[in-house]
Amino acid sequence: MGWVKSVREALGMSASQLGRRLGISRQGVSDLEAREQAGNVTLAALKNAAAAMNCDLVYAIVPKSTL
């Protein structure tokens, strides 16, 4: 399960509710969540979803060793 679906469910928000906030269908939300889980989602889509859930998107690249 990806972050969008996890946060949406933790907030008690249905896919239809998130879809209304994003201006897309429930199926569109399901597609977004599937793309995120598959690693094929854009940062813009994640940012929009986060905003629709009253959240911030935090994006980071963390080195495995010191720089």
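Computed from heavy atoms alone, side chains included, the values below leave out hydrogens, waters and symmetry copies. Heads up: numbering here begins at 1 and tracks the sequence.
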Would you call [X] and [Y] a side-chain contact if the rule is heavy atoms closer than 4.5 Å?
{"X": "Leu18", "Y": "Val4", "answer": "yes"}
{"X": "Val29", "Y": "Arg8", "answer": "yes"}
{"X": "Met1", "Y": "Glu9", "answer": "yes"}

Requested in this report: Look at Glu36 together with Lys5 and state whether they make a salt bridge at an N to O cut-off of under 4.0 Å.
Outcome: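 No, Glu36 and Lys5 are not salt-bridged.
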Enter the distance from [X]:[atom1] to [Y]:[atom2] here, rounded to the nearest 0.5 Å.
{"X": "Lys47", "Y": "Asp56", "atom1": "NZ", "atom2": "CG", "answer": "10.0 Å"}
{"X": "Asn54", "Y": "Leu11", "atom1": "CG", "atom2": "CG", "answer": "8.5 Å"}
{"X": "Met13", "Y": "Arg20", "atom1": "CE", "atom2": "CZ", "answer": "9.5 Å"}

Requested in this report: Give the minimum heavy-atom separation between Cys55 and Val7, together with the two atoms involved.
Outcome: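 Reported closest heavy-atom pair: SG-CG1, 3.9 Å.
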Query - With sequence neighbours excluded, residues passing side chain to side chain donor-acceptor pair (under 3.5 Å) with Ser25 - result: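 Partners of Ser25 by the side chain to side chain donor-acceptor pair (under 3.5 Å) criterion come out as none, since no residue qualifies.
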Query raised in the report: Got a sec, which residues hit side chain to side chain donor-acceptor pair (under 3.5 Å) with Gln27, two or more places apart in sequence or on another chain?
Result: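 Checked Gln27 against side chain to side chain donor-acceptor pair (under 3.5 Å); matches are Asp31.
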Query raised in the report: Given the rule in the side-chain contact (heavy atoms from CB on, under 4.5 Å) test, do Asn48 and Leu57 qualify, once you have shown the distances and angles that lead to the verdict?
Result: CA-CA 9 Å; Asn48 290 340; Leu57 175 67; over 6 Å; no
Query raised in the report: Just by distance, do the side chain of Glu33 and the backbone of Ser30 share a donor-acceptor pair under 3.5 Å?
Result: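 Answer holds: no.
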